[in-house]
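Atoms within a ligand are numbered from 1 in the order they appear, just like the ligands themselves.
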Amino acid sequence: MDLGKVLACVLFSLFLQAGSSQSPGTDSVFNCCEGDILFLLDSSGSVSSFEFSHMLSFLSELVLPFSLGPEQVGVSLLQVGTEPHLEFGFGTYSTQQGLQEALSRTKQLGGDTNTEAALIFAKEWVLKQGVTGGARPGLPRVLVWLTDGVEPGDVQGPMAELRDKGVAVLVVSTGRGNYQVLSDVVSPPAEDHLYFVDIEDMSIITEDLRNAIIRIILAERLQVRDISSTSAVLHWRPVLSGTGYYDIRFGPIYSSQAGPGGGPGTKPGTGPGHYQRITRPAFSISAQLTHLRPDTTYNITLIPVSNLEFYNKLSTLFTTHAESEAMQSPAQVTVSESTVNSVRVSWGPLQPDLVHSYQVEYSALPTGKLHVVTVSNRQNSTVLANLLPDTQYLVTVSARYSSGKEKAMSVKVCTQEIFPALADLRLTTTGSDSVQLRWRGSADGLRGYWVTWEHEFVHSAAQRSTLYLPPHLLSTTLTNVPPNARVCVSPVYKSARGEGLCCTAHFSSAAVPWSQRL
Ligand SMILES: *[C@@H]1O[C@H](CO)[C@@H](O)[C@H](O)[C@H]1NC(C)=O
Ligand SMILES: *[C@@H]1O[C@H](CO)[C@@H](O)[C@H](O)[C@H]1NC(C)=O
């Protein structure tokens, strides 16, 4: 489900509830909206002073419940006369007190009803987004035109331009005439945005008009983000200016495991109705919620508390993720630093908030004894020692979650082979060009022996002969060996050659059996 829509519904129904129980003049503030509202007020000589003061009190009652400020509602008043007169701009008042006083100070201009000039001024300055003193970028803009409806002037063109630029146009007419012109200029649907009312009865439409404006500037005031299985972050638009605090209450309303009635699996003290409460100072705009239950729907309520004004509370619902979605560790297991008798096993990611400890189990394949090591939840690797060389092990890393659940991942690792050096090479010359070689047998994993002999001539390259012998042979006889040839024997293992031994064949005198490391 689309959280945005849900939020909007929650907020709107909340407003409607508040609105329906609200009597005019209430000092409760709707923390509902974000946007700029420009009132275009006919202040020309054609309006009687009686009508003018009625219009001002109507405006004053209409805007009274809005919270004003940089992330709230901006209200501006533009008077229509011979020349337009900007009484105050959107950013001028951030308290109701200031705004209400400014409205009560507003003086009628008199003169002609030059609505077109006022609309051009509104389009070029007041409602233009991003210019100094203009409307705020990215937020809805509303133009409410209060007119007696008589000789409205050539307003269709400028109004259409404003609507094309995204401004919502609403009209309140205290006269009867020019239905066609007025219904042309409002943003559709006309039945929501065009009001005809007698000047004495203006308060009849206050609530409907306010609701119509709110539908345009309604904002998501509460958002729950970064939801995990046990935590979430609540964000809100600031409404308190400097004093007071935010009172935040949240509790599960429904658990998909336990059901709303709290069946088996409901922990004592966490059933429906058990609310946690936190407070945050006036300057804050978010709060971390922790110790939540996985896979549970929470109702959270934000109450701005101030001794200056009484604010509406805001509520929304959110659902924590199932624990299995949060159980990510281990997502990978890797092996490094492999030696003949040890390997380092590493894993990640670490989830110290959720994981209690890690357990590493390993055994030689196919049928070795099982070894178990337990390591802390902040450790992401360990060295397994005392392993057998050239052996494959199955290593399993399991994360033990605090909830009692477990997640595991296995890898196969190999220790390195050992390559024992050749031991005890003996060389005996027989006749004038043949030698007998004898050596001692070598370790497991031996694939054979590599025998080379060469004679270095003084003025040319070495002449080299080679012979590969199977592993069971422990002696061989070479013939046609040149005098003073160096004869070497190396053991050959699966993946490398071990260290060999060399002897020099002396045919002139009695053979001296000596050997030398390669
Ligand atoms: C959430 O809590 C608020 C404040 O307690 C309450 O008014 C509202 O009805 C609750 N919503 C749901 C869906 O339970
Ligand atoms: C283990 O933690 C260290 C830092 O503590 C980090 O550099 C390394 O990438 C982590 N290894 C794995 C496999 O997550």
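Atoms of ligand 2 lying under 4.0 Å from at least one heavy atom of Trp347, given by number and element, are 12 (C), 13 (C), 14 (O).
Classification of the Tyr298-Phe250 ring pair by plane angle, with boundaries at 30° and 60°, yields tilted.
By the 6.0 Å contact criterion, CD on Glu406 is enclosed, its count of non-hydrogen atoms from other residues, nucleotides or ligands being greater than 12.
Judged by distance alone, the side chain of Ser187 and the main-chain N or O of Val169 form a donor-acceptor pair under 3.5 Å.
For atom 4 (C) of ligand 2, no protein heavy-atom neighbour is found at a distance under 4.0 Å. For atom 7 (O) of ligand 2, no protein non-hydrogen atom is found at a distance below 4.0 Å.
The distance criterion of under 3.5 Å between nitrogen or oxygen atoms is met by Asn380 with respect to ligand 2. Taking any N or O of Asn299, backbone or side chain, at least one lies under 3.5 Å from an N or O belonging to ligand 1.
Residues Pro491 and Tyr449 share a closest heavy-atom pair of CA-CD2, 4.0 Å. The two residues Ala399 and Ser329 come nearest to each other via the heavy atoms CB-O, 3.4 Å.
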